Amino acid sequence: MDYKQIIAEAIHAELHESLELNEIKLLLEKPKHSDHGDVAFPTFQLAKLLRKNPAQIAQEVGDKLSSPLIERMQIVGPYINFFLKKETVSSAVLQEVIAEKNNFGNLKIGNGTNVPIDMSSPNIAKPMSMGHLRSTVIGNALANIFEKVDFTPVRINHLGDWGTQFGKLITAYKKWGSKEKVKENPIEELLRLYVKFHELAEDDPSLDDEARLWFKKLEEGNEEATELWTWFREESLNVFNKVYDRLNIHFDSTKGEAFYNDKMEEVVKLLDGKHLLSANQGAHIVDLEKYGLNPALIMKSDGATLYITRDLAAAFYRKKTYDFSQALYVVGQEQANHFNQLKAVLTEAGIEWANDIHHIPFGLITKDGEKLSTRKGKVVLLEEVLNEASAQALRQIEDKNPDLPNKEIVAEQVGVGAVVFHDLRNDRLNSFDFTIEEVVQFEGETGPYVQYTRARAMSILKKAEASDFDASNAFELSDEYSWEIIKLLQEYPNTVKRAYENYEPSIIAKHAVSLAQAFNKFYANVRVLDDHEEKEARLALVFAITEVLKEDLRILGVQSPDKM
RNA sequence: GUUCCGGUAGCUCAGUUGGAUAGAGCAUUCGCCUUCUAAGCGAACGGUCAGGGGUUCGAAUCCCUUCCGGAACGCCA
């Protein structure tokens with residue numbers, strides 16, 4: 001139920017000569033303080049229009065208004081404050097949630113069109129760090145949000161399985177590596193080799209030459225190089241998949257950078273055909289000065305292609321394969337320049353879908369104030385963070401709820417939930433300095449707090465043996481505590497819409513926290529299971545809470561244990 | 001140097017399109033488990049919204065400017 005709409009209609013009935021219906025709706029606001037009512041109409045704009053004192057207008061208009069939804073009105077200076085009939089609104093909102101269940105909040109925006117989402121994209125032979133977590137969980141949450149508003153998301157893991165680093169890796173492996181050690185501990189060993197390479201290459205430039213040579217061989221299909229590359233890739237993927245399983249995130253495509261090796265020549269031809277390429281110090285560039293950007297380097301002086309060439313090839317491939325309405329790239333904000341270039345090159349080439357490409361940037365994670373860098377060995381390993389979180393959750397369960405069945409499973413859901421939720425609860429673009437204490441928290445505005453809240457609600461439903469409700473019943477609630485919940489439930493579709501429009505999962509996370517806070521206040525002050533004339537309506541409210549919290553968490557990629 | 005992000009309570013952050021008295025969580029102190037899970041609830045403490053100008057009936061929010069922090073800026077991805 002959209003009560004703002006109904007209030008707007010009531011006002012419009014009196015003011016149709018001065019303002020359009022949606023103008024009125026835009027003016028309506030949600031007061032910050034509950035003693036200012038549920039909806040407020042400020043009359044400043046109207047005062048300007050009618051050249052009258054705003055307080056006077058409020059008085060005159062307010063006197064004439066009426067609607068079955070309005071319990072009472074209060075005119076405070078230039079504001080008309082509306083207090084809604086809690087019973088009527090509660091019933092309508094709960095009927096809606098009960099009828100729609102987890103589909104509550106679904107919107108018809110995308111017409112089912114495809115939206116490829118470039119996300120996660122770890123580099124082969126390197127460990128997954130907290131930085132990859134961000135791309136992975138933000139991408140997954142956006143995929144869920146897009147699905148909820150009727151798009152068809154395509155989760156693409158654009159693996160970093162190509163590039164000059166493989167030349168370095170092969171060089172390092174041949175010099176200092178062993179098959180046994182890699183088999184034993186693939187990522188750790190490959191990382192050790194990679195770090196060692198960089199350390200020694202600082203004093204010995206011949207190593208870089210050798211690495212370049214090996215990469216060249218790899219590009220030319222040299223057997224030994226290809227064999228090593230394939231092996232590194234396989235071992236790495238096995239390790240990654242374990243983490244993805246724990247996060248419960250899966251991909252529709254794992255076509256990585258290597259997949260586009262044979263598709264870049266076409267890009268170069270296309271750009272050349274449009275006379276966009278110019279030679280510069282032996283390299284081929286697209287000049288982007290008119291976009292205020294530095295030139296895009298399409299081909300190096302040695303003939304090798306670059307990152308942007310590959311991403312252009314990928315963009316064309318995705319358009320051809322998915323005919324997308326939008327294409328998202330969930331990649332750190334430090335690559336904003338790259339995506340600006342990508343769009344600018346496509347625009348220069350006259351590609352009409354260039355503006356459907358959206359870079360979804362996110363903030364940097366640092367450790368002790370320093371940027372994480374695999375090369376320097378400065379990493380926060382994702383797997384270790386998840387392990388620690390899960391272990392702490394298990395300790396918490398042993399302490400607070402030792403009789404809980406399936407402790408390990410719940411501990412994993414709670415621990416991983418804490419980490420994922422932490423990454424999604426704030427604005428994507430915020431940077432943060434990593435500390436395990438902050439990430440693995442179970443109290444306050446955290447994932448486990450939301451999970452716990454829902455588990456308490458589930459427990460009430462179980463005791464009442466209430467699992468389903470008839471949406472045609474009336475569910476009239478009158479107390480202040482349920483009213484706060486009702487208002488938050490009512491906002492849900494708009495919350496989903498805002499999350500979609502802003503590509504911002506944190507809007508969902510904030511809604512989950514607000515809802516959980518409102519429910520915990522209700523829980524502390526209102527008895528549900530006691531005999532009371534509103535008991536059935538209260539149970540329905542509890543049911544609605546469990547549904548919407550679960551849906552919020554599902555969108556974020558967090559599990560909802562029924563007990564914890 | 002240029003461009004882009006950011007600066008709100010001790011710490012981490014909210015603050016739809018500009019609206020009434022700037023809000024949470026953590027931390028600290030103090031209350032609440034014979035009643036639906038205390039991973040909870042309540043209370044106290046805590047602020048020149050970085051500084052200065054401007055636009056407006058009204059600015060944390062928009063514009064200009066200064067300061068501070070971070071990032072990016074052709075042969076890595």
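All figures in this text were calculated on a predicted structure; none of them were measured in a lab. The sequence lines fix the lettering, A, B, ..., with proteins before strands; numbering per chain opens at 1. All values below come from the heavy atoms of this structure, side chains included, with hydrogens, waters and symmetry mates left out.
Comparing the same atom, C1', in B:rC49 and in B:rG18 gives a spacing of 15 Å after rounding to whole Å. The C1' atoms of B:rC57 and B:rG15 are separated by 23 Å, rounded to the nearest whole Å.
Counting only N and O atoms by type, the side chains of A:Ser506 and A:Asp427 include no donor and acceptor under 3.5 Å apart. At a cut-off of 3.5 Å, with distance as the only test, a side-chain donor of A:Tyr307 or A:Gln335 sits close to an acceptor on the other residue. Checked by atom type, the side-chain pair A:Asn520/A:Tyr449 shows a donor-acceptor distance below 3.5 Å.
Across every strand in view, B:rU21 sits unpaired, with no contact that passes the Watson-Crick or G-U test at under 3.5 angstrom. Searching all strands for a Watson-Crick or G-U wobble partner of B:rU56 with both distances below 3.5 Å returns nothing. Of the nucleotides present, none pairs with B:rC49 by Watson-Crick or G-U wobble criteria with both distances under 3.5 Å. B:rU2 is paired with B:rA72 under the Watson-Crick or G-U wobble criterion, all donor-acceptor distances under 3.5 Å. Nucleotide B:rC26: paired with B:rG10 (Watson-Crick or G-U wobble, both distances less than 3.5 Å). Base pairing of B:rA39: no nucleotide in any strand meets the Watson-Crick or G-U wobble criterion (both distances under 3.5 Å).
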Protein proximity profile, nucleotides 10-19 of chain B - base contact B, sugar-phosphate-only contact S, no contact -, cut-off 4.0 Å on heavy atoms: --SSS-BB-B

Output one letter per nucleotide in nucleotides 36-41 of chain B: B when a protein non-hydrogen atom lies under 4.0 Å from the base, S when only the sugar-phosphate is that close, - when neither is. BBSBSS

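The cationic group of A:Arg456 lies under 6.0 Å from the six-membered ring centre of A:Tyr523 and within 45° of the ring axis, placing it in a cation-pi geometry. Geometric assessment of A:Arg72 against the ring of A:Phe83 yields a positive cation-pi assignment under the 6.0 Å and 45° thresholds.
Salt bridge A:Glu484/A:Lys521: absent, no basic N to carboxylate O contact under 4.0 Å. Between A:Asp302 and A:Lys216 there is no salt bridge, since no side-chain nitrogen of the basic residue lies less than 4.0 Å from a carboxylate oxygen of the acidic one. Look at A:Asp2 and A:Lys25 and you find a salt bridge, because one of the NZ, NE, NH1 or NH2 atoms lies within 4.0 Å of a carboxylate O, short of that distance.
Relative orientation of the A:Phe432 and A:His422 rings is perpendicular, given thresholds of 30° and 60° on the angle between their planes.
Among the atoms of the strands shown, none is found under 4.0 Å from any heavy atom of A:Asp208.
One atom, CZ of A:Phe339, and another, C1' of B:rU3, lie 18 Å apart when rounded to the nearest Å. For A:Leu49 and B:rC57, the CG to C1' distance is 15 Å, given to the nearest whole Å.
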Identify each atom pair where a protein N or O and an N or O of nucleotides 71-75 of chain B are less than 3.5 Å apart, giving names and distance.
| residue | atom | partner | partner atom | Å |
| --- | --- | --- | --- | --- |
| B:rA72 | OP1 | A:Lys371 | NZ | 3.0 |
| B:rC75 | O2 | A:Ser301 | N | 2.9 |
| B:rC75 | O2 | A:Ser301 | OG | 3.3 |
| B:rC75 | N3 | A:Ser301 | OG | 3.4 |
| B:rC75 | N4 | A:Gln281 | O | 3.0 |
| B:rC75 | N4 | A:Gln281 | OE1 | 3.4 |

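Glycosidic conformation of B:rC5 is anti; the angle lies outside 90° of 0.
Applying the side-chain hydrogen bond (donor to acceptor under 3.5 Å, both in side chains) definition to pairs two or more places apart or across chains, those involving residues 284-301 of chain A are A:Lys290-A:Glu348, A:Tyr291-A:Glu348, A:Asn294-A:Asn337, A:Asn294-A:Gln341.
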Distance-only criterion, 3.5 Å: show the donor-acceptor pairs between side-chain atoms of residues 37-49 of chain A and protein atoms not counting sequence neighbours.
| residue | atom | partner | partner atom | Å |
| --- | --- | --- | --- | --- |
| A:Asp38 | OD1 | A:Trp483 | NE1 | 2.8 |
| A:Asp38 | OD1 | A:Lys487 | NZ | 3.2 |
| A:Asp38 | OD2 | A:Leu84 | N | 2.8 |
| A:Thr43 | OG1 | A:Pro54 | O | 2.9 |
| A:Thr43 | OG1 | A:Pro78 | O | 2.8 |

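Among residues two or more places apart in sequence or in another chain, the side-chain contact (heavy atoms from CB on, under 4.5 Å) test is passed with A:Glu534 by A:Leu477, A:Ser478, A:Asp479, A:His532, A:Arg538.
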